[in-house]
Amino acid sequence: MTNDKDVKVLLIDDEETLLEYLSKRLLREGFTVKATFSGEEAIQVAGDENFDVAVVDLKMPGIDGVETQKRLKKIQPFLQCIVLTGHGSVESALESGQQDAFKYCLKPIDYEALVETIREAYEKRNELLNAKFREKVEDISSSGLGARGIKRAINELRKTYGID
Amino acid sequence: MESTDSPQDQLKRVSQELLSNKIQLHQTTVYLQSILQNSNDLIFATDVDGVLVSFSKGGEKALGYTWEELAGSFIRDLADDPLEFDKLTKASREKESAVRLELPFRGKDGQTIHCDISLINLTNTEGKTVGTVAICRDITHWKKLQEDLIQIDRLAEIGRIASGVAHEINNPLAIISEISGWAGAVVSDAKGLSEEDREELETAARRIGEQTERCKAITHQLLSFARGSGPDIASFDIHSLIKKTVSFLEPQLKFKSIDIVLNFEDEALPIKSDPKMLEQVFVNLVSNAIYAVKEKGTDQGRIELKISRAGPNMEIMISDNGTGIPKEDQKKIFDLFYTTKPPGKGTGLGVPICRNIIKKLDGEISVESQEGTGTTFTVSIPVS
Ligand SMILES: Nc1ncnc2c1ncn2[C@@H]1O[C@H](COP(=O)(O)OP(=O)(O)O)[C@@H](O)[C@H]1O
Ligand SMILES: [Mg+2]
C-alpha cells in the first residue's frame, strides 16, 4: 500500500481558489503538496525540489499545461503528470503530448477519482524508477569497477534518483 | 373594297371562319383545362367581386378543398390575411401587368400554405375589370427549408454562446465542489460539535456537493448540445431515473399543493438509451409542468408521469393540469428562445433542447394541450 505521506504532489493551476482548497484537501488526505499558480513557477520550484506526481491544468496563461509538463519532465524524468483538460480539448491535448502524460482528466475533476489517479501515478513512477535503478546497478556491477567504486557509484545513483 | 361574292359564298366563308374559330376555341379550352388539371400550381379565376369561378387541381391539392366546396366563395377568405389580399387585388387593378407577392393561404386543416402569387387583372374589350386570374406557386417547402436554415444558424450561434458560458461556469463550479468537499472533511473531524450539529453540517456540505454535480451535468449537457455530440447509450432502469428526476425537483414543490403521481409499477423497467440526456428532458418537462400548475394557482395541482410500452418504443407521458398552451402557440414552444415567462424565469431553451435530445435518441416528442385545462407532453423513444 502506498503511504500517501510519501507522495510529493506538485499542483499547477492558475485558478487560485481552486488550488487553495484542492491542496488543503489533499494535505488532509495525507499527501505532501506544493501549489503553484503558473507553469513558470512550477518549473522554477521543480528545479529545487523533487516531486513524484504533478497535476497540471492544460489551459493557463503563459506556458500552457502540455508545455509545462514537457519541461518538468526534462528536469525530473520520473515525474508523472496528470493533465486536467476542459470539455472538448481532450482531443487536442492528446495530439500534443499523449506519450508524455500519465493521464488526461476531464475538468471539472472528480476529487475521489483524482486521489486515485495520483496514487496510481505514484506507483507507476516507482516502478519505472526501480527498473531504471536496477538496470544502472547492473551496468555498474558488470563494468568491472572495484567494490569501493561500485558503492560510490550506487550512492551517486541514489542521489540522482532521490532514493534513500 | 366591296365583296363581289355571292351571298352563298359569303355564308360559306363565315361558317368556315366560325368553324375554325370554334376549333381554335376548343383547342384553347382544352389547353387551359389541361393546365388547370395538371399543373401543381394553384391557379384560380374570380369575378369582379372576388368570387371564385375557377380553381385548379393543384390548388385543390395544396389547400385540401375540392372545387365543389369552394365554388362561389370569396378568394380573400382563403388568404391567411384577407386584408393583405385585398391590397394585392387593388394593386393589380391599378397596374397593367401582373403583380407578384409572397402571400400565405390557409388550408382546410388550418395549415399555412406559403405562396408566391402572381395576380392579373382581367379586363373586357372596353377595358373594364371583369375579374382576376392568379397563378400561385406553393413555396411552403422552400419556406420551411429557409426557416430550418435560419434555425440551424441560430442553433450554431447559441451553441457558441452556450459553450462559452458553460466553460466559464465550469470553473466556479469546480471550486464550489472543492470547497464543499473540504467543508465536509473539516466538519467530520471537528471537535466540540454535538453529534446532531455534525450530521446537520455534513448533510449540508454533501448537498452542496450534490447540487454542484447537478450543475456540472447541466453544463456538460449544454456543451454536448452545442457540439452536437452523440448520445452515450447505456442500460438502465427508466423507473428509477424518473423517480430520481422528480426528487431533484422536490425543492420547487415546497409550500405548494401539487400532487406528483407516478403512474407506473415499482419494479425496474430496463431500457437502452442515454440516461443523462433523458434526465435532462424530464427535468425540463416536469419543471415546465410545475410552473404551469403554479401559474394557474389551483390548490389541486396534479402532475402525472406515465410510462407505457408501444411496440419497439417506450412512451413517457407527462401531464399537468396547469395553464395549458393556446392552440396557436403550440408550435412556437419548439422555437429557440420562445418563452412566455418573465425574465429570469424562462429562457425558452427547455423544450427545444428536449426536442433536440429526443431526436438524437431516435425518438419523438409531441404536445397536446388545452388552454385552461392542462398539457401533456409525450416522449417516445426506442427501448433499445
Ligand atoms: N407544461 C406546460 N404548460 C404550459 N405551458 C408550457 C408548458 N411547457 C412549456 N410551456 C410553454 O412553452 C414555453 C417554452 O418552454 P421552454 O422551452 O421550456 O422555455 P421556458 O420554460 O424557459 O420558458 C414556456 O414559456 C411556456 O409558455
Ligand atoms: Mg422550461
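Letters A, B, ... are given to chains in the order of the sequence lines, protein chains preceding strands, and every chain is numbered from 1.
In this structure, CZ in Arg25(A) is found 10.5 Å from CD1 in Ile179(B), a value given to the nearest 0.5 Å. For the atom pair Thr17(A) OG1 and Glu178(B) CD, the distance stands at 11.5 Å (nearest 0.5 Å). With values rounded to the nearest 0.5 angstrom, Leu18(A) atom CG is found 5.5 Å from Ile175(B) atom CD1. One finds the CH2 atom of Trp182(B) at 10.5 Å from the CG atom of Leu26(A) (value rounded to the nearest 0.5 Å).
Looking at Leu173(B), there are no atoms closer than 4.5 Å to chain A (heavy atoms on both sides), in backbone or side chain.
Of all residues spanning residues 38-46 of chain A, none has a heavy atom less than 4.5 Å away from chain B's heavy atoms.
Enclosure of atom CD in Glu210(B) by more than 12 non-hydrogen atoms of other residues, nucleotides or ligands within 6.0 angstrom is indicated. Annotation for Lys332(B): atom NZ counts as buried by contact number, over 12 foreign heavy atoms lying within 6.0 Å. The environment of CG in Asp139(A) is crowded: more than 12 heavy-atom neighbours from other residues, nucleotides or ligands sit within 6.0 Å.
For the set Pro172(B), Gly181(B), Ser177(B), Ala174(B), the entry with the most heavy-atom pairs within less than 4.5 Å of chain A is Gly181(B).
Of all the heavy atoms in Ile109(A) and Lys216(B), the pair that sits closest is O-NZ, 3.8 Å.
Proximity of Arg28(A) to Asp189(B): side-chain heavy atoms (C-beta onward) are separated by under 4.5 Å at one or more points.
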**OP:** Starting from the C-alpha separation in whole Å, work towards a yes-or-no answer on side chain to side chain contact (heavy atoms under 4.5 Å, CB included) for Val186(B) and Lys24(A).
**Re:** CA-CA 10 Å; Val186(B) 173; Lys24(A) 278 185 182 179; over 6 Å; no
